[in-house]
Amino acid sequence: MAPSIDESNALFDFVVQKGNGVKGLVDNGIKMVPERYIQPPKERILIDKKIMNSNDDIDQLLVAIDLSKLHGPEHDQVVGTITKAAETLGFFQVVNHGVTLELLESLKGAAHNFFAQPPMEKAVYLKEVSPSPLVKYGTSFVPEKEMALEWKDYVSMMYTNDDEAHAQWPPQCKDVALEYLKSSTKMVRILLEILFENLGVSLDEEKFESLTGLKMVNMNFYPSCPNPELTVGVGRHSDMGTLTVLLQDGIGGLYVKLEQDVEDEWIEIPPIPGALVINIGDTMQILSNGRYKSAEHRVRTTSSESRVSVPLFATPKPSEKIGPLPQLVESDGVAHYKQVLFGDYMKNFFGKAHEGKKSLDFAQHDDSA
């Protein structure tokens, strides 16, 4: 049975340490969001707030890009749309991406199946007890560091090779998750080649592997929420890696900050049937010396039904060093970021609660202030 919502320590133990997650609270019939989940007013997502300065450029970026047109007369136009999105919003959507619609539907079903299990079945993958270092089940982001928890449960599957994925990933989702990873990686290669060519830099196999050598598939579950206006599914953040490929379901709730807007306004990335969402990560912003923008984004909850999403994170291996590409430093005349070990960047990223794009401060020059 879930603890009283007034018993903060008991709630933390129930949700986080015993692995019941937010879903455990919802399954036990809570009627209001517990205080531990209530976000400060400035962090809440007001869905009735309209974007006042939406324009044709922004609207165009919310239309799915047809990657099949890269092989026809519209090649240059498609490339221009991709690079413009990477330089501005940091988000775009793609269709005809090489991942079958059947697989996308199977992924969403597998995510629902995993989280529909009894708590004890999911809790075997809690970080402290998981039988595999490749699989982690948890809730929120870093609950021990957060003043207000996020309304999300997740399972994360790290990829090393096919054999270990088949042997160690959860049986409810391992086959479709692995197929998703392999299909999406082909698309990631195409997109990175486009983005690098736009920078005047070639992307060979060694460089591609160095930028995407660590891959993780997450399945996120956002239970229906009695007071969605008081909490968030995920707080403001940018992704740490090179590129993220995201499957969202038809419910919606993904919001991206219009970085150029001083009024701190956000725009929703609408679900498009069959589309995948691509977003630029911090690593790509650093490599491009700031030309490409990692997107600050967040997720709202909904009172009507539970939501799932499935991101693939393509990141460098922890042993890789990341920094602005030398060709860009030479042409720009300045390095806007310092070279850092990606493993150190990861440790810093996962050591703090979500706080917008402040993770990038780790790669700023010490004398930049």
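Under the side-chain contact (heavy atoms from CB on, under 4.5 Å) rule, Trp151 has a single partner from Val232, Thr301, Val234, Leu230, which is Thr301.
Using a 4.0 Å cut-off between charged nitrogen and carboxylate oxygen, Glu87 and Lys84 do not count as a salt-bridge pair. Looking at Glu209 and Arg189, no side-chain N of the basic residue comes within less than 4.0 Å of a carboxylate O on the acidic one, giving no salt bridge. In this structure, Asp332 pairs ionically with Arg291, as a charged nitrogen and a carboxylate oxygen lie closer than 4.0 Å. With salt bridges taken as basic N to acidic carboxylate O contacts below 4.0 Å, none links Glu296 and Lys357. Under a 4.0 Å N-O distance rule, the pair Glu268/Arg300 qualifies as a salt bridge. The existence of a salt bridge linking Lys182 and Glu179 is excluded, since no basic side-chain nitrogen approaches an acidic carboxylate oxygen closer than 4.0 Å. Look at Asp153 and Lys122 and you find no salt bridge, because none of the NZ, NE, NH1 or NH2 atoms lies under 4.0 Å from a carboxylate O.
Arg236 has its side chain within reach of Glu43: a pair of non-hydrogen atoms, C-beta onward, lies under 4.5 Å apart. Put simply, the side chain of Met157 reaches to within 4.5 Å of the side chain of Trp169, judged on heavy atoms. Side-chain contact between Phe92 and Leu191: present, with at least one pair of heavy atoms (C-beta onward) separated by less than 4.5 Å.
Side-chain contact check for Ser309 and Asp249: no donor-acceptor pair (N or O, by modelled atom type) lies under 3.5 Å. Inspection of the Tyr137 and Lys127 side chains reveals no N or O donor paired with an N or O acceptor under 3.5 Å. Side-chain atoms of Ser140 and Glu146 include a donor-acceptor pair closer than 3.5 Å. Donor-acceptor pairing under 3.5 Å is lacking for the side chains of Gln364 and His336. Neither side chain, Tyr37 nor Asn227, offers a donor N or O lying under 3.5 Å from an acceptor on the other. Side-chain contact annotation: Thr302 with Ser304, donor-acceptor N/O pair under 3.5 Å present.
The distance between the ring centers of Phe141 and Tyr154 does not fall below 6.0 angstrom.
In plain terms, the two heavy atoms of Tyr337 and Gly290 that are nearest each other are CE1-N, 3.9 Å.
Residues meeting the side chain to side chain donor-acceptor pair (under 3.5 Å) test with Lys352, sequence neighbours left out: Asn348.
For residues 8-33, the salt bridge (Lys or Arg N to Asp or Glu O under 4.0 Å) pairs, not counting sequence neighbours, are Asp13-Lys18, Lys23-Asp27.
From Leu67, atom CG reaches atom CE of Met187 across 7.0 Å, with rounding to the nearest 0.5 Å. Taking CZ of Arg36 as the reference point, atom OG1 of Thr231 lies at 12.0 Å (rounded to 0.5 Å). Leu243 contributes atom CG, which lies 12.5 Å from atom CG of Leu246 (distance to the nearest 0.5 angstrom). Lys358 NZ to Ser238 OG: the interatomic distance, rounded to the nearest 0.5 Å, is 12.5 Å.
When atom types are taken as modelled, the side chain of Tyr292 and the backbone of Leu195 share a donor-acceptor pair closer than 3.5 angstrom. Remark: side-chain polar atoms of His365 are paired, donor with acceptor, to backbone N or O of Ala335 under 3.5 angstrom.
By the neighbour-count criterion of 12 heavy atoms within 6.0 Å, atom CD of Glu206 is sparsely surrounded, having that number or fewer from other residues, nucleotides or ligands.
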